[in-house]
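Atoms within each ligand, like the ligands themselves, are counted from 1 in listed order.
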Amino acid sequence: MVKTLHNQPFLVAEDLSAIGTMSLGVAVPILAVFGVPAAILPTQVLSTQTEGFGTPAKQFSAKWLSQTIDHWQNEDIQLSGGLIGYVGQVALLNRLIQLATSQQLHPLIVDPVMGDDGALYPGLPADYVSAMRELIADADVITPNWTEAHLLADVPLTDQRPSKAVVTTLFAKLSVACGEQTRIVITGIPSDDAVLTAYQDNRGLQMVSTKLRDGHFYGSGDVFSALLGAALMRDVNFETAVKIAVKGDAICLDQTSEAGYQRRFGMQMSELLKWLTQEVIPSLDSSR
Ligand code: PXL
């Protein structure tokens, strides 16, 4: 598996934020630890992440993105699948939708990064949500947070302590938006003293619970989707991949909250990378 992958990089398309360890800043080391070679495509280059520091200096180009994709196609570079996260512009999103379709990019993991705490991220246009709906129609796995799941399903976010029935209904609505074959993982579902991650399997709705850590963590969803994507590329089954992503994210959140440094600077990764190297990867290697 890993040998073949080396001639077929896994696309990771997200922003590169100079300040705020998130997006490509977390995905690249995670994929490297898993031994998954990456085609690293910055969708935007930002001076900082967009939530924590006022308006960042931005650099992006639909033309450069198109030329890059054309160059790969001319070189017959086949991608082994992809993870698409923060894109930030409708034109760029449309170009990535074309790439996903023309390359038959599978497995395609879409983390529809566009909002949190009930609102769209600053700087995103209102039509971003409908463009994102088109992208998720091609996805094998989507990982919206609680806010993004509501935006995609076009359901107002009112329930701050949802029952299992409410979550099940949201899954049904999202399935209509993305297609029956798409596996949905909703992160950050609020609950009493806990945060839930939900997915469905043939037994129905499954929830994984982690303890609630106070405050907002910038980049935790990016860590989650990178872990999930990397584990799936290593042929880990879906349920185990979700559990690795939940546990790995929790390790990052603990280190980040104990570090005593401003959250807006992003995620602390060293404990996560240690856990992956010492525990997760050896068990994957020995089961091959
Ligand atoms: O972690 C999500 C994220 C990704 N990329 C950028 C962001 C954010 C959240 O604020 O600003 C640029």
Side-chain angles (χ1 to χ4, degrees), residues 11-31 38 40-62 65 82-93 96 109-125 128-129 131-132 135-136 142-152 157 185-189 195 197 213 215-230 245-246 248-253 255-257 259 261-269 272:
L11 176 75
V12 48
E14 296 181 326
D15 64 283
L16 176 55
S17 285
I19 302 288
T21 306
M22 55 175 63
S23 322
L24 284 181
V26 299
V28 169
I30 289 172
L31 289 165
I40 301 161
L41 189 66
T43 50
Q44 314 236 341
V45 181
L46 301 172
S47 53
T48 65
Q49 51 107 336
T50 64
E51 277 187 301
F53 298 90
T55 306
K58 287 186 194 166
Q59 186 66 262
F60 58 88
S61 156
L65 198 75
L83 165 63
I84 301 178
Y86 183 91
V87 179
Q89 297 284 323
V90 172
L92 301 178
L93 210 43
L96 289 170
I109 295 124
V110 176
D111 184 6
V113 181
M114 57 186 177
D116 209 350
D117 297 328
L120 270 184
Y121 285 138
L124 293 182
Y128 197 79
V129 179
M132 187 58 81
L135 179 62
I136 64 169
I142 62 168
T143 60
N145 64 25
W146 185 235
T147 296
E148 291 153 354
H150 284 78
L151 290 168
L152 290 170
L157 197 163
V185 186
I186 303 182
T187 61
I189 303 173
V195 180
T197 301
R213 292 155 178 91
H216 184 68
F217 290 87
Y218 304 90
S220 68
D222 305 333
V223 170
F224 183 90
S225 59
L227 285 167
L228 186 67
V246 170
D249 219 357
I251 290 171
C252 248
L253 296 179
Q255 189 186 1
T256 303
S257 57
Y261 103 167
Q262 289 175 14
R263 295 274 177 87
R264 62 186 183 154
F265 286 88
M267 302 299 279
Q268 299 267 317
M269 300 279 291
L272 167 67

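Of the heavy atoms in Q49, both backbone and side-chain atoms come closer than 4.0 Å to ligand 1. Contacts with ligand 1 closer than 4.0 Å are made by no heavy atom of D116, backbone or side chain.
Nearest protein neighbour of atom 8 (C) of ligand 1, counting heavy atoms only, is M22 SD, 3.7 Å. At the top of the distance list for atom 4 (C) of ligand 1, counting protein heavy atoms only, stands S23 OG, 3.4 Å. Nearest to atom 10 (O) of ligand 1 among the protein's heavy atoms is E51 OE1, 3.0 Å. Among all non-hydrogen protein atoms, the one lying nearest atom 6 (C) of ligand 1 is D15 OD1, 3.6 Å.
Judged by distance alone, the side chain of E14 and the main-chain N or O of L24 form a donor-acceptor pair under 3.5 Å. Formation of a donor-acceptor pair under 3.5 Å by the T147 side chain with backbone atoms of D117 is found in this model. When atom types are taken as modelled, the side chain of D111 and the backbone of G85 share no donor-acceptor pair closer than 3.5 angstrom. A distance-only check finds a donor-acceptor pair linking the side chain of Y128 to the backbone of V87 [under 3.5 Å]. Distance alone, capped at 3.5 Å, places no donor-acceptor pair between the T197 side chain and the T187 backbone.
Within the 4.5 Å cutoff, no side-chain heavy atoms of L135 are placed close to those of P112. A heavy-atom distance below 4.5 Å is not found between the side chains of E148 and I142.
Counting heavy atoms only, D222 comes closest to atom 1 (O) of ligand 1 of the residues D222, V223, V113.
Those atoms of ligand 1 with a heavy atom of L46 less than 4.0 angstrom away are 12 (C). For ligand 1, the atoms closer than 4.0 angstrom to any heavy atom of G219 are 1 (O). Heavy-atom contacts of S17 reach the following atoms of ligand 1: 12 (C) (cutoff under 4.0 Å).
Here's the thing with Y218: none of its N/O atoms is less than 3.5 angstrom from an N/O atom of ligand 1.
Aromatic ring orientation, Y86 versus Y121: tilted (interplanar angle from 30° to 60°).
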